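Encoded as structure tokens, the structure appears first; notes follow it.
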Amino acid sequence: MNSFYRSLTPTAPLKDDEHIVTSFTGDRKTYIRDHLWLAVFAMLLGMAALWLMGNAHIWTGAVGGLFAITVRGFYLASDDLKARWDLTNQRIMGPQERIADFSEIVEMKVIISSVQLITRSGLKHLIRFQADPKDTLRQIEEARIQAALNADG
């Protein structure tokens, strides 16, 4: 495989007794909404920085902040919205070989429109731009419970 190739979908093969339950991808409306809020924050931060430096043209901070986040949003949209996470009956697998077995997940939480998974080893995985991150978290938790019940027999 080309070392420059970045897979936006899971590449790990499924185990013999494993199947995909559902998949999660970024939601376009959520992506746009999050970037609008990020632009507002960047505009205010740019204006505040110029004001603190005594610049008489603080409005240019708003223009710069808006421009920066707009460029970022357009540039990263193709990757952010194509990234896919597959929830299986045993683990969750993400882009670039990110894998978290259910037994390794020690914490899950919602951060704005994302779901963060933290593993025993300290790895943090972020399932970004979910339209309903609480529902995403619920589905992962239900799959973890079902896996534990199946393991107990």
Side-chain angles (χ1 to χ4, degrees), residues 1-14 20-88 90-145 147:
M1 182 183 297
N2 183 341
S3 63
F4 293 106
Y5 175 73
R6 290 184 343 143
S7 175
L8 297 173
T9 60
T11 56
L14 294 176
I20 295 174
V21 175
T22 191
S23 295
F24 307 109
T25 57
D27 176 66
R28 182 172 297 282
K29 288 181 182 177
T30 303
Y31 182 83
I32 292 168
R33 183 199 66 212
D34 285 2
H35 276 77
L36 287 173
W37 279 112
L38 190 57
V40 168
F41 178 73
M43 292 167 72
L44 292 173
L45 188 63
M47 290 171 62
L50 292 174
W51 177 73
L52 287 171
M53 292 188 312
N55 190 314
H57 305 286
I58 65 170
W59 63 270
T60 59
V63 173
L66 178 61
F67 179 75
I69 299 304
T70 301
V71 169
R72 179 199 187 281
F74 278 112
Y75 182 74
L76 296 177
S78 60
D79 284 359
D80 284 344
L81 296 174
K82 288 179 186 171
R84 187 184 84 216
W85 287 81
D86 289 343
L87 177 64
T88 75
Q90 298 176 14
R91 57 192 174 161
I92 187 156
M93 303 183 305
Q96 300 174 352
E97 299 184 20
R98 294 180 183 127
I99 298 173
D101 289 331
F102 291 153
S103 62
E104 290 298 311
I105 298 172
V106 294
E107 186 177 354
M108 297 190 308
K109 59 185 169 185
V110 170
I111 301 175
I112 305 173
S113 66
S114 302
V115 174
Q116 184 182 52
L117 309 174
I118 303 172
T119 64
R120 288 185 202 289
S121 65
L123 290 176
K124 295 179 181 176
H125 303 289
L126 204 57
I127 305 170
R128 301 172 64 188
F129 306 112
Q130 298 297 291
D132 187 350
K134 289 180 183 176
D135 185 58
T136 300
L137 188 120
R138 180 193 57 78
Q139 290 181 61
I140 297 168
E141 187 59 38
E142 284 178 2
R144 287 179 69 194
I145 292 168

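If you're wondering where the values come from, they're calculated on a predicted model, not measured in any experiment.
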Can you measure from CD1 (Ile69) to CH2 (Trp37) and round to the nearest 0.5 angstrom?
-> 14.5 Å
Nearest heavy-atom pair of His125 and Trp85: which atoms, and what distance?
-> CB-CH2, 3.6 Å
Taking the side chain as every heavy atom from C-beta outward, state whether Arg91 and Thr88 have any atom pair closer than 4.5 Å.
-> yes
Closest heavy-atom pair and its distance - Met93, Pro10 | O-CG, 3.2 Å
Hey, does the side chain of Arg120 reach the backbone of Ser103 with a donor-acceptor pair shorter than 3.5 angstrom?
-> yes
Would one find more than 12 heavy atoms of other residues, nucleotides or ligands at under 6.0 Å from atom CD1 of Ile112?
-> no
Once you round to the nearest 0.5 Å, how far does CG of Leu81 lie from CZ of Arg28?
-> 5.0 Å
Can you name the closest pair of heavy atoms from Ala100 and Thr119 and give their distance?
-> CB-CG2, 4.0 Å
Using the salt bridge (Lys or Arg N to Asp or Glu O under 4.0 Å) rule, collect all pairs that involve residues 59-82, keeping only residues at least two apart or in two chains.
-> Arg6-Asp79, Asp80-Arg128
How many angstroms lie between NZ in Lys109 and CG in Leu117, if you round to the nearest 0.5 Å?
-> 11.0 Å
For Asp101, enumerate each residue passing the salt bridge (charged side-chain N to carboxylate O under 4.0 Å, His left out) test, keeping only those at least two apart in sequence or located in another chain.
-> none
Rounded to the nearest 0.5 Å, how far apart are CD1 of Ile127 and CD of Gln116?
-> 10.5 Å
Basic-acidic side-chain contact under 4.0 Å: Glu141, Arg138 = no
Intermediate values then yes/no, side chain to side chain contact (heavy atoms under 4.5 Å, CB included), Leu36 and Arg33 = CA-CA 5 Å; Leu36 287 173; Arg33 183 199 66 212; 5.5 Å; no
Ile58 versus Asn55, closest heavy-atom pair with distance = CG2-O, 3.4 Å
Hey, what's the ring geometry for His57 with Trp59, parallel, tilted or perpendicular (30° and 60° as the breaks)?
-> perpendicular
Is the backbone of Thr25 close enough, under 3.5 Å, to the side chain of Gln130 for a donor and an acceptor to pair up by distance?
-> yes
What's the shortest heavy-atom distance between Pro95 and Ser7, and which atoms?
-> CB-O, 3.4 Å
Minimum-distance pair of heavy atoms, taken over all atoms of Ser113 and Thr30 | CB-CG2, 3.4 Å
Please round to the nearest 0.5 Å and tell me the distance separating atom NZ of Lys124 and atom CD1 of Ile111.
-> 8.0 Å
